[in-house]
2 protein chains.
Amino acid sequence: MSEPGLACCTPLSGTAMSAEQAEQVAALLKALADPVRLRLVSLIASSATGEACVCDLNDAFDLTQATISHHLKVLHSAGVLDRDKRGVWVYYAVRPEALTAVATLFSTAVRA
Amino acid sequence: MSEPGLACCTPLSGTAMSAEQAEQVAALLKALADPVRLRLVSLIASSATGEACVCDLNDAFDLTQATISHHLKVLHSAGVLDRDKRGVWVYYAVRPEALTAVATLFSTAVRA
DNA sequence: GGAAGACATCGACGGACGTCGATGCATGAA
DNA sequence: TTCATGCATCGACGTCCGTCGATGTCTTCC
């Protein structure tokens, strides 16, 4: 695309991220890159028991129950939240592995 | 929205994320939640000098120069990349603060 | 000054995303 | 059994996003 015949700078070295790895991480980040979903994760993580039922989460937002359910599904599909149905209510809990994966990725990326 | 008159579970306690804070973090994460942009950041961060010029970044993707320029603009606007024009070429470098902010956020969120 | 190259910007297109109302599916109570 | 409740699913709508070709701007060299 740009072939002027001379190298304008040092070539990119080191072990960069592969395309497949980038797709995976992007999928996880995309699930978290939403204000509502971030608050959902924050609410669940900051709860005393470490989990929360949908009925309480609904009251925390000015959104339809269908919308909250959709966001929870996205977070669950991405592996961020765990799902546990007890009787009539459904409880969601945070998967620490997903969050620590993001944390370690960006902490090591600074000085690779 | 759901007021059955009885508490189905423990109320959400602790200091959760505010709506404004969630918007800010979501904007940063949205800039990173893209495979191409993730690889761009990874390429720049893993380079020997810690920076990379656009001409080399273009060759790493099967995308138009306009598309790469767009992604770099998004990352720059989000505060992820620094821009430095030297002569004809433009060099981008990673802002460590942005990445460490994400890392600390998700490392502390696990056990809040 | 004119030409060539590096990068940004513009306008447009197709697909993905967030949100909603309506409906379906369980579960527990009357 | 029947009904009410909690939650998921469906279909639809408007908007945002990634990508492209074309064009503009700036720098350097002849």
Side-chain angles (χ1 to χ4, degrees), chain A residues 1-9 19 22-23 26-41 44 51-78 81-93, chain B residues 1-9 19 22-23 26-41 44 51-78 81-93:
Chain A
M1 210 166 282
S2 67
E3 305 267 356
L6 60 103
C8 65
C9 52
E23 293 276 356
L28 175 58
L29 288 179
K30 193 181 292 186
L32 292 167
D34 182 274
V36 176
R37 290 198 284 266
L38 273 179
R39 290 181 61 196
L40 280 171
V41 173
I44 298 173
E51 59 184 8
C53 82
V54 184
C55 61
D56 282 346
L57 297 173
N58 279 331
D59 298 349
F61 299 87
D62 278 340
L63 292 172
T64 310
Q65 174 262 331
T67 301
I68 299 297
S69 185
H70 162 70
H71 285 307
L72 290 172
K73 179 191 181 70
V74 171
L75 288 169
H76 176 62
S77 300
L81 295 183
D82 257 337
R83 188 167 189 274
D84 181 29
K85 177 163 186 174
R86 295 181 214 154
V88 192
W89 300 299
V90 175
Y91 290 76
Y92 282 93
Chain B
M1 208 168 282
S2 70
E3 305 267 356
L6 60 103
C8 65
C9 52
E23 294 276 355
L28 175 58
L29 288 179
K30 194 181 292 186
L32 293 167
D34 183 273
V36 176
R37 290 199 284 267
L38 273 179
R39 289 181 61 196
L40 281 171
V41 173
I44 298 173
E51 60 184 7
C53 82
V54 184
C55 59
D56 282 346
L57 296 173
N58 280 331
D59 299 350
F61 299 86
D62 279 339
L63 292 172
T64 311
Q65 174 263 332
T67 301
I68 299 296
S69 185
H70 162 69
H71 285 307
L72 290 171
K73 179 191 179 71
V74 171
L75 288 170
H76 177 63
S77 300
L81 295 183
D82 258 337
R83 168 190 282 173
D84 183 29
K85 177 164 187 176
R86 296 181 213 153
V88 192
W89 300 299
V90 176
Y91 289 76
Y92 282 93

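Since the structure is predicted, the reported quantities are computational estimates derived from the model, not experimental observations. Below, chains carry the letters A, B, ... as their sequence lines are ordered, and counting in each starts from 1.
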Once base and sugar-phosphate atoms are separated, protein heavy atoms under 4.0 Å mark nucleotides 24-30 of chain D, 5' to 3', with B, S and - as ---SS--
Separation of C/dT9 atom C1' from B/H76 atom NE2, nearest Å, is 15 Å
d(B/L57 CG, B/L63 CG) to nearest 0.5 Å is 12.0 Å
From CG of B/L81 across to P of C/dA8 the rounded distance in Å is 11 Å
For B/V90 and B/R83, the nearest pair of non-hydrogen atoms, with its separation, is CG1-CG, 3.8 Å
**Prompt:** Is a side-chain N or O of A/R37 found less than 3.5 angstrom from the main chain of A/L75, in a donor-acceptor match?
**Reply:** no
Here the distance between atom P of C/dC7 and atom CD1 of B/I68, to the nearest Å, is 12 Å
Value for CD (A/E23) from CG (B/D34), rounded to nearest 0.5 Å, stands at 8.5 Å
Going 5' to 3' through nucleotides 18-25 of chain C and flagging B where a protein heavy-atom sits under 4.0 Å of the base, S where only the sugar-phosphate is that close, and - otherwise, we get SBBBB---
**OP:** Determine, stepwise, if the pair A/L38 / B/L29 fulfils side-chain contact (heavy atoms from CB on, under 4.5 Å).
**Re:** CA-CA 10 Å; A/L38 273 179; B/L29 288 179; 4.1 Å; yes
In whole angstroms, the gap separating P of C/dT27 from CH2 of A/W89 amounts to 14 Å
Atom CG of B/D56 and atom P of C/dC7 are separated, to the nearest Å, by 9 Å
A/Y91 atom OH is separated from C/dT27 atom C1', nearest whole Å, by 14 Å
C/dA8 phosphate, OP1 or OP2: any side-chain N/O from B/K73 under 4.0 angstrom? no
Any side-chain N or O of B/Y92 below 4.0 angstrom from OP1/OP2 of C/dA8? yes
| Does B/S77 reach the side chain of B/K73, with side-chain heavy atoms less than 4.5 Å apart? | yes
Closest non-hydrogen contact found for B/R39 with B/A60 is NH2-O, 3.6 Å
| said: If we ignore hydrogens and angles and just use 3.5 Å, is the side chain of A/S69 paired with the main-chain N or O of A/Q65 as donor and acceptor? | reply: no
Taken to the nearest whole Å, CG/B/L32 to P/D/dC17 is 14 Å
Rounded to whole Å, CG of A/D84 lies from C1' of C/dT27 at a distance of 15 Å
| request: Under the side-chain contact (heavy atoms from CB on, under 4.5 Å) rule, what do A/Y92 and A/E51 come out as? Steps first, then yes or no, please. | output: CA-CA 5 Å; A/Y92 282 93; A/E51 59 184 8; over 6 Å; no
